[in-house]
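Have a look at the structure below before the remarks.
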Amino acid sequence: MKTKHVKKVFDLFGQKVVKTAQGILNAQGKNASGDLGSSLGYHLKVKEGVLDLRFLGVPYASLVDKGIKGSISSKNAPRSPYKFKGSKKAANIGAIDKWVVRKGLKSARDSQGKFIKRKSLVFLIARKIYLYGVKPSNFFSDALNVGLRTLPKKFAKAYAKDAAEFIRTVTKEM
């Protein structure tokens with residue numbers, strides 16, 4: 001049985017989820033360099049009536065979506081499957097440094113009013129992330145849930161159209 005209507009529904013579903021996820025990312029300010037948002041996509045494969053839909057993104061997309069538990073506190077991301085363990089170098093200092101530059105945080109002041117150099121600032125941010133974790137953004141989870149609300153009705157209608165076409169084709173051949 002050909003599944004052209006079902007394929008079209010899943011294609012539109014994939015597009016909607018990706019577009020919604022990108023919108024949520026931008027609204028939350030979690031897309032500083034633009035790499036995460038532009039990496040989002042999907043791959044739809046239809047073979048012998050089997051649909052395979054996979055969502056794509058950079059490897060750290062799941063970390064941003066689900067958050068990370070800190071090494072001493074899981075308060076920021078209590079349901080996250082990810083947790084900082086081991087070395088305090090687990091937080092990516094290079095990525096944090098690039099983020100600080102993009103945000104224009106060249107320096108800051110400590111409690112005594114003295115300037116803190118950028119490298120020290122980056123270290124302090126990395127240490128806080130390592131100890132206390134990162135809150136989940138749920139950018140992809142929320143986008144997927146929004147898309148799933150309407151998918152069953154659309155899928156049922158598309159499947160019915162494909163089945164009707166299949167029945168018409170089979171009955172013509174008889």
Side-chain angles (χ1 to χ4, degrees), residues 1-70 74-85 90-104 129 133-174:
M1 180 170 97
K2 292 184 180 179
T3 57
K4 74 177 186 179
H5 293 96
V6 171
K7 182 181 181 212
K8 185 177 179 182
V9 165
F10 276 93
D11 195 34
L12 291 172
F13 171 72
Q15 290 174 16
K16 181 180 180 180
V17 169
V18 168
K19 187 175 181 179
T20 304
Q22 289 169 335
I24 293 170
L25 263 179
N26 291 331
Q28 291 181 354
K30 299 279 185 176
N31 200 17
S33 69
D35 292 344
L36 179 55
S38 63
S39 76
L40 297 178
Y42 69 96
H43 176 71
L44 178 61
K45 182 178 173 184
V46 181
K47 187 176 180 182
E48 298 174 10
V50 177
L51 289 163
D52 182 21
L53 176 64
R54 296 176 190 215
F55 288 97
L56 311 169
V58 290
Y60 62 87
S62 181
L63 296 172
V64 174
D65 183 53
K66 296 176 181 171
I68 309 169
K69 295 177 187 175
S74 60
K75 180 181 169 187
N76 282 337
R79 294 187 195 108
S80 175
Y82 307 110
K83 180 176 178 156
F84 283 112
K85 297 178 187 173
N92 188 342
I93 291 177
I96 294 169
D97 188 37
K98 288 178 184 176
W99 178 83
V100 165
V101 171
R102 269 189 213 102
K103 293 292 184 177
I129 289 171
V134 178
K135 288 183 181 181
S137 67
N138 295 317
F139 76 93
F140 185 77
S141 303
D142 291 347
L144 187 62
N145 288 333
V146 166
L148 286 173
R149 286 186 199 136
T150 59
L151 183 64
K153 290 178 185 177
K154 291 178 181 178
F155 173 73
K157 288 179 182 179
Y159 188 78
K161 286 180 184 178
D162 286 338
E165 286 181 13
F166 175 71
I167 291 170
R168 274 189 235 117
T169 304
V170 170
T171 55
K172 282 182 184 178
E173 293 176 2
M174 293 181 140

Looking at every non-hydrogen atom in both residues, tell me the closest pair between Ala77 and Lys69 and how far apart they are. O-CG, 3.1 Å

How long is the span from the NZ atom in Lys16 to the NZ atom in Lys154, to the nearest 0.5 Å? 5.0 Å

Reported CG-to-CZ distance for the pair Leu44 and Phe13, which is rounded to 0.5 angstrom: 11.0 Å

Atom pair NZ/CG of Lys66 and Asn138 - distance to nearest 0.5 Å: 10.0 Å

dist Lys47:NZ -> Asp52:CG (nearest 0.5 Å) comes out at 11.0 Å

Apply the side chain to side chain contact (heavy atoms under 4.5 Å, CB included) test between Val6 and each candidate in Asp11, Val46, Leu51; give the one that qualifies. Leu51

Between Lys83 and Ser74, is any pair of side-chain heavy atoms under 4.5 Å apart? no

Using atom types as modelled and distance alone, determine if a side-chain donor or acceptor of Asn76 lies under 3.5 Å from a backbone N or O of Val134. no

Could you check if a side-chain atom of Val17 sits within less than 4.5 angstrom of a side-chain atom of Tyr42, using non-hydrogen atoms only? no

Using modelled atom types only, decide if a donor and an acceptor are shared between the side chain of Asn145 and the backbone of Ser141 within a distance under 3.5 Å. yes

When every non-hydrogen atom of Lys135 is compared with those of Lys30, the smallest separation belongs to O-NZ, 4.4 Å

Looking only at heavy atoms, what is the nearest atom pair of Ala32 and Arg102, with distance? O-CD, 3.7 Å

Looking only at heavy atoms, which two atoms of Gln22 and Leu40 are closest? And how far apart? CG-CD1, 3.9 Å

Looking only at heavy atoms, what is the nearest atom pair of Tyr82 and Ser62, with distance? OH-OG, 2.7 Å

Is there a side-chain contact between Tyr60 and Asp35 (heavy atoms, below 4.5 Å)? yes

Is the backbone of Leu36 close enough, under 3.5 Å, to the side chain of Ser39 for a donor and an acceptor to pair up by distance? yes

So how far is it from Trp99 CH2 to Ile93 CD1, rounded to the nearest 0.5 Å? 14.5 Å

Working to the nearest 0.5 angstrom, can you tell me the gap between Leu25 CG and Phe139 CZ? 4.5 Å

What's the shortest heavy-atom distance between Ala21 and Ala143, and which atoms? N-CB, 3.5 Å

